[in-house]
Each structure stands twice: as C-alpha cells, then as structure tokens.
Amino acid sequence: MISRRDLLKTASAGALALLMAPALIGSSFSRDMTLEEALKEHLGATLSDLTQSDKVRIKAPTIAESGANVPVQISADVPVEEVEALYIFADANFNPWVTTVELSPMNGEVFFATRIKLAKTSVVRAIIKMKDGTLLATSKEIKVTVGGCG
Amino acid sequence: MKKTVIYGASFTAFILIACQPTAQKAAVSEKKEEEKKIQVKKEKKKNLAERFKIALANQDKWQKACSNPDQIVPKGIDVETFRKEMMATVKFPEGGVIGKDIKRGEKLFGDPDKGGRSRRGNCYACHCGDPRILACGNIGPSLRGYAKRGIDPKDTYIRIYNSWAIVPCSVMPRLGYHGVLTPEEIADIVAYMHDPESPLNK
Amino acid sequence: MKEKKYLVGIIAGGSFLVAAVTAQEQTPSHLQELLELGMHPGHAYVDEGRELFNTMKGPNGKTCASCHGEDGSKNLEGAYARMPRYYTDIGKVADLDLRILSCMTQYMGFDPKDKKFRKEFDKWSGKYRVPLATFVASLSNGMEINVQIDDPQEEEMYKKGEKLWFMRVGARDFSCGICHSVLAGKRIRLQGLPDPVKAKVYTHWPAYRFGNDRMWTMEDRVRSCFRAYFLFEKKWNEKSDWVKKPPPYSDWVIALELYMKHAANGGVIEVPGLLR
Amino acid sequence: MARIGRAIVRVPKKIKKGDVFKVQMVITHPMETGRRKDRHGKTIPAHYITKVEFFFNDKKVTTLHTGPAISKNPYFAVMMKATESGKLTIKYEDNKGGKWEKSVPVKVS
C-alpha cells in the first residue's frame with residue numbers, strides 16, 4: 001500500500017507522475033511465471049522433455065519451518081565431463097527458476113549446495129543438462145510451515 | 001474520519017492538477033500530525049525504563065502467587081478460593097457463549113490461510129487441531145474432534161476467557177480477563193470449536 | 001560438536017501425525033540439514049568483528065587491539081566465559097554488549113551520548129556491537145562457561161534474575177520459567193522448548209538465526225522475549241499500551257543473562273551458534 | 001549487519017592430489033526480491049547476486065547464475081578436483097553493479 005504521505009507528495013508533483021508510478025513500481029517486480037514458462041526460458045524445454053532419473057538426488061528437508069531458508073543439496077551419479085549445467089526450480093515460487101550452475105570437468109563431481117527461498121509449500125526440481133542435450137530430473141516436495149511461536 | 005478527508009483530497013489532486021492548494025493544506029496538517037507522532041514516539045523511548053518498571057509492577061496478586069519455581073498455586077492459598085475469585089471475573093457476551101461469526105472465530109484461533117498464524121488467539125502455538133496446520137504445539141492437548149467430547153460450550157468459553165478459573169496458574173493465557181480478546185471474539189472461537197462442520201471436528 | 005548434538009536434540013519437527021504420537025519423535029528437520037551444511041553466515045560476523053577489532057580506531061586513535069593485542073591475544077581469551085560479571089572500572093555487573101560499549105566509551109574515546117554512534121552501536125544492524133560481540137565471544141570457543149557469583153553486586157543481580165525468571169506478568173501471564181523450566185521439552189508449534197539449566201543453551205550464543213537471517217546476541221534475545229509477554233502500562237492495548245522491550249543493557253536483561261549463564265556453567269562454548 | 005559483499009570461503013586444510021574437495025562460501029548480501037515492502041508500505045527495491053564465478057589459477061571452474069530465490073546471506077558449495085596447489089578466486093556481482101572478488105590459497109600435497 002502506498003502511504004498517505006507518499007500519495008500526497010506524488011499528487012502535488014502532478015498527475016502525470018502519479019499515472020506513471022504504478023508502471024515504475026511494476027518494473028522492479030519480477031513477473032509471475034509458471035513452471036512451464038520458466039523451463040522454456042532457461043532450458044528451451046517443456047515438462048515432458050524431462051527424463052525422470054534416480055541418478056539425480058536432492059537432499060532437502062521434508063518440512064521447513066521457514067521458507068526463507070531451505071537447504072538444498074543436489075548431486076548426481078553421472079560423470080561431470082558429460083554434464084553441461086545443473087538447474088534448480090521451485091514450482092510454487094513467483095519465478096520458479098532458482099539457479100543455474102555451469103559445471104566443468106575441474107569440478108570432479110556433480111554437486112551443488114545452497115539455501116533457497118520458498119514462497120510456500122512447493123515441489124523443488126533438480127535438472128541436469130547433459131552435453132548431449134538430455135535433461136535428467138528429479139523432484140521433492142518441501143512443506144513450508146510457520147516457525148517459532150507464530 | 002480524517003483519513004477519509006485526506007484520501008479524498010489526494011483523489012481530487014489526482015484528477016485535477018489545479019487542486020494543488022487543497023493538497024498543500026492537507027500536507028500541512030499531515031506534517032503536524034507526523035510531528036506529533038514523532039514527539040509521542042520520543043516520549044515513549046525516553047521513558048522506556050520507567051514504562052518497563054511500571055509494566056512489571058502491574059503484576060496482579062494471582063500472577064504473584066503463581067511466580068514460584070513450580071509455577072503452581074503455593075501452599076497457604078486455597079485453590080478453590082483462587083478459582084472462585086477468577087470465576088467472578090468472567091464476563092459473558094450478550095448473545096450467548098456461542099457466537100455467530102465462525103469464520104472470524106477460525107481466524108482468531110489460527111488463520112489457515114497463514115499457516116495457522118494469529119497474533120491474538122494463536123491457539124496453534126500450544127494446541128493441534130485442524131489437520132492442515134502442521135506447525136502446532138503440544139503444550140496443551142490436541143483439540144482435534146473437540147466438539148465430539150461432550151464439553152459444555154460454556155466451559156469452553158470460561159477456559160478461554162480465564163483459564164485460571166479452571167486450572168489456576170496454568171500456562172494458558174487469560175485472554176478475556178486481560179482484554180486480549182473481547183467476549184464476542186471468544187464466543188466466535190467457541191462457535192468455531194463446537195461447530196461439527198469445522199475442520200477441527202471433521 | 002556438543003552444540004550440534006544439542007541443537008539436533010531440541011528440534012522436534014514432524015507432521016501432524018508424528019506430533020500426535022509423541023513429542024520426542026524426530027523427522028528430518030530443516031535446522032538439522034542447515035547444520036549439516038557446516039558453514040553459516042554467523043562466521044561472516046566473526047570475520048567482520050575481527051577486522052573491526054584490529055583496525056577500527058576510536059576518536060582518541062586507539063583500537064581494541066591497542067589494549068587487547070592483535071586478534072585479542074592479550075587477556076581476552078576466556079573473558080566471555082566469565083561474563084556477565086562485576087567490573088570495577090564501570091562499577092557494575094556487565095554483559096558482553098555493555099562491556100564492549102563501556103570499553104569503546106571509556107578507553108577509545110567514543111561519546112556515549114553521541115546519537116550517531118549509539119545508533120551504530122545499539123541497533124542490531126549497526127556497525128559495531130553485533131560483529132564485535134560475536135568475535136569476542138568466539139575467542140572463548142572450546143572453553144567451559146565459568147560464571148562466578150562472588151561479588152555482592154553479582155549476588156544481587158543473580159537473585160534478581162532468578163526472581164525475574166519465574167515472574168508471571170503481562171497480558172499473557174507468562175514467565176520465562178513456565179515454558180523453559182516447567183514445560184521444557186514440549187513444543188511451541190514445531191519449536192522445541194530448551195531448558196537452559198539442563199541443556200546449557202548458553203554455549204552457542206551469540207547465534208545466527210535463519211528465521212530472520214541475522215546474528216543475535218543474548219542481549220537481543222532476552223529483550224525480544226519480552227515482546228511475547230504483552231507487557232502493558234495501564235490496560236492491555238496492543239496499539240497504545242504495549243511495553244515491548246526493556247531498555248538495552250538494563251539490569252533486567254543482565255540479571256536474566258547472569259541467571260541463565262550461571263546455570264550453563266561447565267558447558268563448552270562454541271560460537272557463532274545456529275538457530276532455526 | 002555485516003557489510004554487503006563480505007564473503008568467507010572455506011576449503012579443507014589438508015588436500016591430497018587427486019581428491020575431490022568441497023569449496024564452501026557465504027556472502028553477506030540482503031538478496032532482496034523486489035517484492036517485499038518496508039514498514040511504511042514502500043517496496044524495497046530488488047537487490048540480489050546475479051553471478052558467482054569460481055576460478056582456479058585463472059581457469060574457470062564453475063559459474064553460478066543466481067536470482068532472488070536464493071536465501072539472504074547466501075551459501076554456496078561446489079566440489080573441485082585437486083590437481084595442483086594454487087589460488088582459488090571467486091568473483092561475484094549483483095544487480096546493482098556491485099562487484100567483488102575473494103581469493104584463498106589451496107594447498108595440495
């Protein structure tokens with residue numbers, strides 16, 4: 001909500017500025033996206049292009065007390081030489097894309113760990129893009145609850 | 001009231017740029033109000049120690065009685081008298097102990113849209129109930145299927161209004177006694193808890 | 001290691017079903033896995049505190065290291081294990097935060113009434129207090145907490161702390177003791193209630209809290225706890241009458257810290273700790 | 001809050017040649033999404049790390065492309081293969097033009 005004072009300030013600055021304000025605010029927002037849109041943007045693929053594989057593993061809590069800090073560890077039993085990049089997506093986020101990790105043979109193995117934000121209970125996906133174009137994927141649901149005394 | 005006036009003023013300014021004076025007048029009064037607010041804030045900050053001291057001294061005689069390492073009614077104080085004294089503080093709402101606004105009752109109990117959060121009621125901090133709320137405490141008993149237990153809604157009301165009328169020195173806050181919740185709000189919570197259709201009982 | 005064990009111990013996560021069965025039941029938890037990452041942002045505060053300690057000059061040109069040696073090598077190791085304690089130079093019982101404040105004002109020339117300085121010091125997001133406190137506390141890592149109560153002022157504070165610990169007050173009728181002594185082991189929502197006497201919680205403070213992504217000193221923690229009390233001046237009213245916190249470095253806070261840390265005597269310090 | 005952009009990097013003290021070891025880092029950064037509002041209802045502008053690059057002896061090992069969905073004060077961990085001793089340099093930047101660099105020595109025996 002825009003505070004009263006801001007509203008007044010903007011108003012006295014002229015109606016034009018006020019008319020433009022929503023557009024300006026809007027531009028700093030990342031646009032809401034669906035998972036399909038995010039997959040298309042970052043991988044040029046659709047959900048059906050993903051190959052579910054038990055070679056890819058996600059280590060993450062089943063229940064997270066705070067959606068602001070969910071530890072996620074991705075690893076995969078494939079030679080790192082054959083891997084181009086590793087992706088993390090969270091279905092229920094405003095923008096499901098979380099991160100892209102470009103790996104090289106110097107990494108020794110396919111591994112990445114970080115902490116991510118989840119807007120709400122969501123499926124988290126790890127996708128490994130192989131050099132031959134195959135997309136190996138796995139997913140895990142993480143329940144986000146209220147932490148502390150509430 | 002004032003809010004409406006100011007909003008109205010800014011709305012006029014929004015439509016007509018010529019309305020500048022109106023906006024300015026409003027801005028001046030706004031500024032004064034703001035200054036007043038800052039003054040009050042400063043006062044509050046300055047007296048923080050004083051205010052805290054008063055707040056601690058506000059401890060009532062029953063709280064004082066419970067302030068022992070076991071947090072129970074100490075020897076020398078009759079539990080029955082304690083209960084009676086607490087019972088005498090319970091005020092009932094005009095429309096009876098079962099309120100009408102079940103939705104409001106649910107929100108006060110713990111808003112399911114916010115994971116069971118509710119600042120004033122905050123029942124899920126200590127109790128479980130609605131199976132959708134995963135983050136629920138186990139300090140108090142689970143309230144799942146509460147309506148099926150044959151408890152008199154009046155007792156439920158008293159428990160929420162002043163739990164010490166039933167269990168003296170209990171950890172459950174005396175929500176009605178202190179005015180954290182109004183009698184009408186408590187009645188709505190009772191309605192939510194005793195409604196066979198509520199997620200607590202389904 | 002002890003810290004890890006304890007932290008894992010207090011997390012009673014779980015679904016509704018698990019919760020209904022038993023309080024002790026544990027499922028893979030958020031915090032447990034955060035701990036397994038092995039490294040957390042609290043370490044950045046230690047790093048920053050060390051830099052401030054060695055390089056930040058007071059108005060009279062002295063740094064912390066001028067008296068305490070580079071990286072606190074002179075007489076600061078183990079100092080935190082003894083705090084809060086009575087200090088003759090300030091004439092009162094001080095906790096870590098107040099001790100740092102008094103050092104900066106008495107020996108480094110900062111003006112305690114300088115608003116700009118106090119803002120940087122008092123606020124959790126300020127430049128000085130939290131990083132310095134975290135760093136100084138970390139100098140006692142691996143040592144046992146050893147709070148002595150031998151000065152009359154310390155004794156008085158201890159008694160005050162004990163009384164405050166069990167004092168039921170405010171619109172929620174809470175006391176520290178009812179949840180953390182009597183009901184210890186139960187859960188508020190999914191958060192386990194630790195008993196500072198048995199579990200020696202003080203060993204991992206100051207701690208980094210993932211819930212709001214910042215470092216907390218015990219001073220911050222105790223002051224914030226009072227928010228939940230719903231303390232009021234006249235009649236409870238959330239908007240106009242809520243006395244949220246005691247003033248910083250006040251006797252109430254230090255007394256409670258002294259009571260809790262004395263109870264944790266013998267616990268091995270390992271900071272920065274990690275909390276949900 | 002610690003200063004924005006401060007990073008700490010941790011690598012094992014003892015690394016044998018041929019081992020795969022873990023590189024961990026924490027960066028102090030607000031990671032604002034641009035969706036949150038402050039107390040006065042004003043939107044807090046987006047401010048997050050966009051790119052993190054790991055170099056070993058000036059050869060690129062890994063590039064992370066990150067967005068606002070990474071937690072505040074982000075933590076990253078990747079693996080690296082120990083071939084020789086040298087310098088690990090991590091370069092990172094945010095959407096407001098902040099650029100930083102942090103180097104740590106890696107000793108391989």
Side-chain angles (χ1 to χ4, degrees), chain B residues 40 44-60 62-72 110 115-117 119-120 122 124-140 142 144 162-164 169-175 177-181, chain C residues 12-25 162-179 181-183 185-193 223 226 228-238 240-248 250-253:
Chain B
V40 171
K44 271 188 182 172
K45 221 173 205 173
K46 207 160 91 190
N47 297 324
L48 195 54
E50 203 49 45
R51 293 182 77 218
F52 192 76
K53 210 171 176 177
I54 295 168
L56 287 188
N58 268 342
Q59 191 192 36
D60 67 34
W62 299 287
Q63 286 176 329
K64 200 169 185 178
C66 302
S67 298
N68 53 62
D70 297 320
Q71 307 276 304
I72 51 166
R117 246 182 258 247
R119 167 128 63 160
R120 292 192 298 148
N122 203 13
Y124 287 111
C126 300
H127 298 277
C128 286
D130 186 337
R132 290 173 297 171
I133 310 298
L134 301 176
C136 58
N138 65 356
I139 290 169
S142 167
R144 183 108 191 84
N162 189 340
S163 63
W164 290 7
C169 299
S170 142
V171 68
M172 184 159 159
R174 296 173 290 168
L175 295 165
Y177 171 81
H178 287 294
V180 176
L181 296 172
Chain C
S15 65
F16 173 77
L17 279 171
V18 175
V21 179
T22 155
Q24 272 75 42
E25 196 93 33
E162 189 178 25
K163 198 179 159 208
L164 210 48
W165 182 261
F166 290 112
M167 184 175 182
R168 302 290 288 270
V169 69
R172 271 184 176 160
D173 301 308
F174 283 171
S175 69
C176 311
I178 189 139
C179 286
S181 296
V182 179
L183 295 166
K186 296 261 187 185
R187 280 188 348 246
I188 283 196
R189 287 193 190 260
L190 294 181
Q191 172 74 359
L193 288 166
R223 287 183 67 220
F226 279 106
Y229 272 61
F230 281 9
L231 288 170
F232 55 90
E233 233 176 327
K234 295 183 190 83
K235 191 176 176 355
W236 167 250
N237 182 318
E238 190 180 318
S240 61
D241 204 24
W242 189 359
V243 184
K244 290 182 183 168
K245 290 176 180 182
S250 55
D251 281 3
W252 296 294
V253 182

Next item on the list: Return the set of residues passing disulfide bond (SG atoms under 2.5 Å apart) with Cys169(B) (not counting sequence neighbours), or none when no residue passes.
Entry: Cys66(B)

Next item on the list: Using non-hydrogen atoms and a 4.5 Å limit, figure out which bit of Ser163(B) sits close to chain C: side chain, backbone, both or neither.
Entry: neither

Next item on the list: Considering only heavy atoms and a distance below 4.5 Å, find which of Cys179(C), Pro246(C), Gly177(C), Ser250(C) pairs most often with chain B.
Entry: Pro246(C)

Note to self: Taking the side chain as everything from C-beta on, heavy atoms only, tell me whether Cys126(B) gets closer than 4.5 Å to Met172(B).
What the structure shows: no

Item checked: chain B contact via Trp252(C) - side chain, backbone, both or neither, heavy atoms under 4.5 Å -> side chain

Checklist line | Rounded distance (nearest 0.5 Å) linking atom CG of Leu56(B) with atom NZ of Lys163(C) | finding: 9.0 Å

Checklist line | Segment of Trp62(B) engaging chain C (4.5 angstrom heavy-atom cut-off) | finding: neither

Check: Would you say the side chain of Trp164(B) lies within less than 4.5 Å of the side chain of Gln63(B), judging by non-hydrogen atoms?
Finding: yes

Next item on the list: Look only at the side chain of Arg172(C) and the backbone of Pro173(B), and say whether a donor-acceptor pair between them is shorter than 3.5 Å.
Entry: no

Note to self: Let's test your reading of the structure: which of Leu231(C), Ile178(C), Val243(C), Asp173(C) forms the most heavy-atom pairs below 4.5 Å with chain B?
What the structure shows: Asp173(C)

Note to self: I'd like to check Val171(B) versus Lys186(C) (side-chain heavy atoms, cut-off strictly below 4.5 Å). Are they in contact?
What the structure shows: no

Notebook entry, point to check: Between Glu162(C) and chain B, which part of the residue has a heavy atom less than 4.5 Å away: side chain, backbone, both or neither?
Noted result: neither

Note to self: Less than 4.5 Å to any heavy atom of chain B: does that hold for the side chain of Tyr229(C), its backbone, both, or neither?
What the structure shows: neither

Next item on the list: Report yes or no: does Asn58(B) contribute a side-chain atom to a donor-acceptor pair with the main-chain N or O of Glu233(C) at less than 3.5 Å?
Entry: yes

Checklist line | Proximal component of Asp70(B), with respect to chain C [non-hydrogen, under 4.5 Å] | finding: backbone

Next item on the list: Let me know if Lys244(C) has heavy atoms under 4.5 Å from chain B in its side chain, its backbone, both or neither.
Entry: neither

